[in-house]
Amino acid sequence: MAIGGTMLGKLGEKLRKSIKKLAKMPIVDEKVVKEVIKDLQRALIQADVNVKLVFKLSKSIEKRALKEEPPKGITPKEHVIKIVYEELTKLLGKKSYKLKIDKKPYKILFVGLQGSGKTTTVAKLAHYLRLKGYNSAVVCTDTWRTAAYDQLKQLTEEINVPMYGDPNEDNPIRLAKEGLNKFKNYDVILFDTAGRHKNEKELLDEMEMLSKEINPDEIILVIDGTIGQQAKSQAKAFSERVKIGSIIVTKLDGSAKGGGALSAVSEVGAPIKFIGTGEKIDDLEEFDPARFMSRLLGMGDIKSLIEKF
Amino acid sequence: SGIFSFIKEKTISEDDIEDVLWELQLELLEGDVALEVAEKITESVKKELVGKKVKRSTDIDKYTRNALKNAILEILKTDSNVEDLLKIKKKPFVILFVGVNGTGKTTTIAKLAKYFMEKGLVPVIAAADTFRAGAIEQITKHGEKLGVKVIKHKKGSDPAAVAYDAVNHAKSKNKDVVLIDTAGRMQTNMNLMEEMAKIKRVVNPDFIIFVGDALTGNDAVEQAKMFDEKIGIDGVILTKADADTRGGAAISISYVIGKPILFLGIGQNYDDLIEFKPEWVVKQLFT
Ligand SMILES: Nc1nc2c(ncn2[C@@H]2O[C@H](COP(=O)(O)OP(=O)(O)OP(=O)(O)O)[C@@H](O)[C@H]2O)c(=O)[nH]1
Ligand SMILES: Nc1nc2c(ncn2[C@@H]2O[C@H](COP(=O)(O)OP(=O)(O)OP(=O)(O)O)[C@@H](O)[C@H]2O)c(=O)[nH]1
Ligand SMILES: [Mg+2]
Ligand SMILES: [Mg+2]
């Protein structure tokens, strides 16, 4: 399903109206800017962006909108939207949104909360990489979740990607070691792990040990698109233990806006590279920041506006 | 009130409570209460308090805080307890589990199977998630560990038929409870919501439990609303409450659909299920 275009929230509607008011103005009016900022705050909070982050962001937007002179040929309305866009872009980070396979084997470790979509996304990414010409293999190190092995096995069989795991083994480190050895001639090795959260110290220890054993080239944090304010502190707990290299946001085929992922990005300083838009193997899209912002703000027209600048 | 009451009393004005209400609203938002719900709750507290006469010595901030806490308890309060709600009123008592992807439906069913067994009842499970990879194996293994029969068909088969078979199995074997596991689905996916409606028509469940993830933000409102509208919800279980959650999702869901929250999932083991108490939310939110 296309994101951004179809599910325009009521708040987006409101934000759009307040921004429209700016359209008729010859100069940027303080009262109207304040109104825009207020609607922007509400839109972002409803999109699940961290509350403190929203206030920090809106403060700098307000300051710039009132202080900076709009460049020639740009209306006050476009000027404010441009500032909003720039500030959000800053939040999304300057690092590349593209996945780069620059080593062989390129080892990717997937981590995240319970049920966030790791296993499904491992299979989706293996499929994606194959379409790009890389042969990849998958290792199951999840010894916790019931039938985690069967799930990954069925998913990888469907796409003909080799998978290593052992439902009778209860030591994830051993599984990782064996998988590394088995697949060292592949272009990419993807490691699935059990779900865990910030209060599960032993599981976080386990993740850290797995990371040391595998020595991954990239660690991907998989974030559920429906997560709320907890995104920030959970992401922090993961990044305190391992170095998160990128983020994948799942379940964006529903009505959630995915603002939790933005909080995670700002917390760990890693870019979003893909989004999950369904349960099927090809429901994985490369991250498009402009579309993501349209979704966050509930406004479908951000992209066309930005193209003017 | 007597002639001199103005000496002992004061009237609460909007100005008196504006700041503290804003602070409280932020606390609700940071605790994952959905925006619309947080705004409506603080608005109702404001309405209740403005113009009210209180003792002159009253600490208005504290007074407002308490009013908000009470408003929250009021939203979460239910007349009936879990014991009564899940009492086996007929045999078999059929419970259908619904929710979006990955919230913890399957794990929660295993926990509830144990809950019923501890009451001396015999459950049977329907593996009616015929869609997700490994779903049938997952629930089958739970059944094996718990010693509970799992009725299953092939992957990809009709989930309504599996559920129907499980109910018939319970009838013929004189079992007490049927627990129907279903595939997670986005509430916006109309085809899958229609499929769920069909499962419901076929088995005519006695109780429908919405399993929600306690980490959900604003979308909790949309999820609960749609599942209640399209399928109907009798009770709610919130999972992953052990992940340091504030409980805002409980408030959002209760506020929107007014259905009782039965349990909290607090871990991945079968015993990690506790009865929900409204006070838990207040404690999580304001400490
Ligand atoms: N609608 C939708 N569902 C998704 C998406 N990604 C994953 N899912 C579903 O989310 C649920 C959980 O996915 P899993 O891949 O099992 O999640 P996990 O993180 O591996 O879970 P654990 O291993 O238990 O921690 C499954 O029902 C998936 O089909 C997505 O982008 N959209
Ligand atoms: N920490 C914690 N994890 C939980 C809890 N409940 C479930 N989980 C975990 O969450 C993940 C998903 O649980 P499932 O029971 O497979 O979820 P589901 O709703 O059946 O998922 P789908 O069928 O794919 O939609 C698993 O890793 C569970 O162990 C809980 O209360 N606390
Ligand atoms: Mg998994
Ligand atoms: Mg399930």
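Here the structure is a predicted model, which is why all the values come from computation and not from measurement. Values below: all heavy atoms of this structure, side chains included; hydrogens, waters and symmetry mates excluded.
Under the 30°/60° scheme for interplanar angles, the aromatic rings of B:F210 and B:F227 are found to be tilted.
If you measure heavy-atom distances from A:E279 to chain B, the contacts under 4.5 Å come from the side chain alone. For chain A, the nearby part of B:Q268 is the side chain; its heavy atoms alone come within less than 4.5 Å. With a threshold of 4.5 angstrom between heavy atoms, B:A34 does not approach chain A through any atom at all. Proximity to chain B is absent for every atom of A:R196, based on heavy atoms less than 4.5 angstrom apart. At a 4.5 Å heavy-atom cutoff, the contact between B:Q187 and chain A is made by side-chain atoms alone. With a threshold of 4.5 angstrom between heavy atoms, A:L113 approaches chain B through side-chain atoms but not through N, CA, C or O. Heavy atoms closer than 4.5 Å to chain B are found in the side chain of A:N199, but not in its backbone. Within the 4.5 angstrom heavy-atom criterion, only side-chain atoms of A:F55, from C-beta onward, approach chain B.
Your options are A:G225, A:G117, A:G115, and the one with the most heavy-atom pairs under 4.5 Å with chain B is A:G115. Across A:A237, A:A256, A:G260, A:A123, the residue that shares the most heavy-atom pairs under 4.5 angstrom with chain B is A:A256. Each of B:G31, B:A243, B:A249 has some count of heavy-atom pairs under 4.5 Å with chain A, and the biggest count is that of B:A243. Note on B:K155, B:R132, B:K141: by heavy-atom pairs under 4.5 Å with chain A, the leading option is B:R132. The greatest number of non-hydrogen atom pairs below 4.5 Å with chain B, out of A:R145, A:K52, A:Q234, is found for A:R145.
Of the charged side-chain nitrogens involved, at least one lies within less than 4.0 Å of a carboxylate oxygen, so that B:D244 and A:K198 count as a salt-bridged pair. Between A:D224 and A:K251, at least one side-chain nitrogen of the basic residue sits less than 4.0 Å from a carboxylate oxygen of the acidic one, meeting the salt-bridge criterion. Between A:E157 and A:K153 there is a salt bridge, since at least one side-chain N of the basic residue sits less than 4.0 Å from a carboxylate O of the acidic one. With salt bridges taken as basic N to acidic carboxylate O contacts below 4.0 Å, none links B:K225 and B:E229. Ionic pairing of B:D213 and B:K240 is present here: one or more N-O contacts between side-chain nitrogen and carboxylate oxygen are shorter than 4.0 angstrom.
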- Can A:F274 and A:Y128 be said to form a ring-ring contact (aromatic ring centres under 6.0 Å, His included), step by step? CA-CA 11 Å; A:F274 295 93; A:Y128 167 93; 4.9 Å; yes
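For the 3.5 Å distance criterion, the side chains of B:T106 and B:D181 qualify, holding a donor opposite an acceptor.
For the pair A:A264 and A:I223, the tightest heavy-atom approach, listed with the atom from each and the gap, is CB-CD1, 3.4 Å.
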